[in-house]
Amino acid sequence: MKTIYVDNAATTAMSDTAIKAMTPYLKEVYGNPSSLHTVGQVAKEALDAARAGIAKCLNCDAREIYFTSGGSEADNQAIRSAAVNGARKGKKHIISTAFEHHAVLHTLKKLEKEGYEVTYLPVHADGLITAKEVAAAIRPDTALVTVMYANNEVGTILPVREIGAVCKKAGVTFHTDAVQAVGHISVDVQADNIDMLSISAHKFHGAKGVGALYCRRGIPLNTFIEGGAQERNKRAGTENIAGIAAMAAALKEACENMPANTKKLVKLRDELIDGLLKIPHSKLNGDRVKRLPSNVNMCFEGIEGEGLLLHLDARGICASSGSACTSGSLDPSHVLLALGLPHEVAHGSLRISLSEGNTEEDIKAILKAVPEVVAYLRNMSPVWEELEKGTRKHLI
Ligand SMILES: *Cc1c(COP(=O)(O)O)cnc(C)c1O
């Protein structure tokens, strides 16, 4: 049976280009970039080249890129650093949204315990917030606004450029978790008014365990991993040269292919959305237009997302019911709840996240399997029986 992998928001396969770019640094070019001898300096050159390449894709200076172990670390460092530096000036208020990734939300929760105050802007039913709402929440003691570029579950693309402009005008540091955006939609830290931005290689066909933080010159950045002088004293530890070289190659490839990939993905995505919406009592989550080209997120009333996933898996289709972090727990996704979905509807969710490697045949197979499995599960569901009998009200 062929596997149809449509969980690319959780992680992607490495591209051939990225694997090719990383291979020399696993064996021949094994030097430590901090070493002064030739073997080390060759590795240092690779590190410099990767930094310059990534900076070019984001439209910033190479000295504004700090390599990390991934998106989570970049989020932690950016937010903690901005919080601590704000507190030094007596500013202990942070603005974010209710549907951020847990790397952001859990960092903020911890800061609240440490005496910071966080405003979580409510998300509209379409999975968006507005720059006006951010502006209205800014106070004289606001140190940081952190709002994601695109949501990892419902795929909505937030008005980051406008939010950045609001922050710039108010003199507030603006961080964005752009893990789902970079490599997928065009991101430009200058035009988008971004001060700090997190990326993760494995979301755009690079390797797991490597990412980067962009931090605009002039914005103070604190160190949280103590040790050597790597990353200009901001992040100790011998650099993951192989992973970093692969990340640079993957990002370059993703940016070069973006127009073609977008065109292909939007077509596949829209076929899926139109096809799945034919299932009675189904709903698309998140705005249909301001949406990542790869994302489909649906709810089907009267079923459990977990059951749907397992049956799809048995047919070779690998999807998700929410983020990789919430699967395995029985709580419905905090993102779907933030969009205002009732618990019982949020439980019946399905996220399909495509990559450019998916085909029309994949879409056909999914459009055959999902309605069959939904019908099968509804047939067994006591909740669905009540909905059909009219003793329980349809919510969607
Ligand atoms: C995957 C993801 C992260 C975490 O990145 P890792 O590299 O896996 O730590 C953070 N934010 C968002 C939006 C993500 O999708």
Side-chain angles (χ1 to χ4, degrees), residues 5-14 18 54 65-80 96-110 120 123 127-129 146-158 160 163 175-185 187 194 196-214 224-225 235 237 240 242-244 246-248 250-251 254 285-286 290-297 319-328 333-336 338-339 351-355:
Y5 183 83
V6 283
D7 197 12
N8 289 281
T11 197
T12 59
M14 282 190 78
I54 288 167
I65 297 291
Y66 301 88
F67 293 119
T68 67
S69 68
S72 299
E73 187 188 320
D75 284 342
N76 273 257
Q77 187 173 9
I79 293 167
R80 273 211 165 263
S96 189
T97 75
F99 79 158
E100 297 293 312
H101 189 272
H102 282 142
V104 169
L105 284 182
H106 290 175
T107 303
L108 293 175
K109 286 276 171 262
K110 214 151 185 199
Y120 299 94
V123 181
L128 294 165
I129 64 157
T146 173
V147 173
M148 66 202 321
Y149 210 115
N151 184 270
N152 48 303
E153 288 189 35
V154 292
T156 45
I157 300 169
L158 288 112
V160 161
I163 294 170
H175 166 256
T176 184
D177 174 338
V179 171
Q180 291 290 333
V182 168
H184 301 281
I185 56 175
V187 173
I194 297 164
M196 298 170 120
L197 164 141
S198 309
I199 69 171
S200 173
H202 75 101
K203 301 292 175 74
F204 51 79
H205 304 290
K208 291 165 190 61
V210 57
L213 173 62
Y214 152 77
F224 294 99
I225 297 183
R235 204 280 185 180
N240 174 4
I244 290 167
M247 172 162 67
L251 185 56
N285 298 311
K290 290 173 186 154
R291 176 173 210 100
L292 290 171
S294 56
N295 178 285
V296 177
N297 188 307
S320 159
S321 65
S323 75
C325 323
T326 40
S327 16
S333 136
H334 72 284
V335 172
L336 297 179
L339 266 60
R351 179 186 70 184
I352 294 172
S353 45
L354 305 167
S355 90

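Just follow the structure's listing: the first ligand is 1, and inside any ligand the first atom is 1. Because the structure is predicted, anything quoted here is derived from the model rather than measured. Residue numbers start at 1 and run along the sequence shown. Note that these values count all heavy atoms, side chains included, but never hydrogens, waters or copies made by symmetry.
In this structure, T107 contributes its side chain and N76 its backbone to no donor-acceptor pair below 3.5 Å. Although no hydrogens or angles enter the test, the distance criterion places a donor-acceptor pair under 3.5 Å between the side chain of S96 and the main chain of T146. Although no hydrogens or angles enter the test, the distance criterion places a donor-acceptor pair under 3.5 Å between the side chain of R291 and the main chain of G286. Looking at T12, its side chain never comes within 3.5 Å of a backbone N or O of N8 through a donor-acceptor pair.
In this structure, ligand 1 sits under 4.0 Å from heavy atoms belonging to G70, G71, S72, D75, H101, M148, N152, D177, V179, Q180, S200, H202, K203.
Among residues two or more places apart in sequence or in another chain, the side chain to side chain donor-acceptor pair (under 3.5 Å) test is passed with Y149 by D192.
Annotation: K290, atom NZ; neighbour count of heavy atoms from other residues, nucleotides and ligands within 6.0 Å does not exceed 12.
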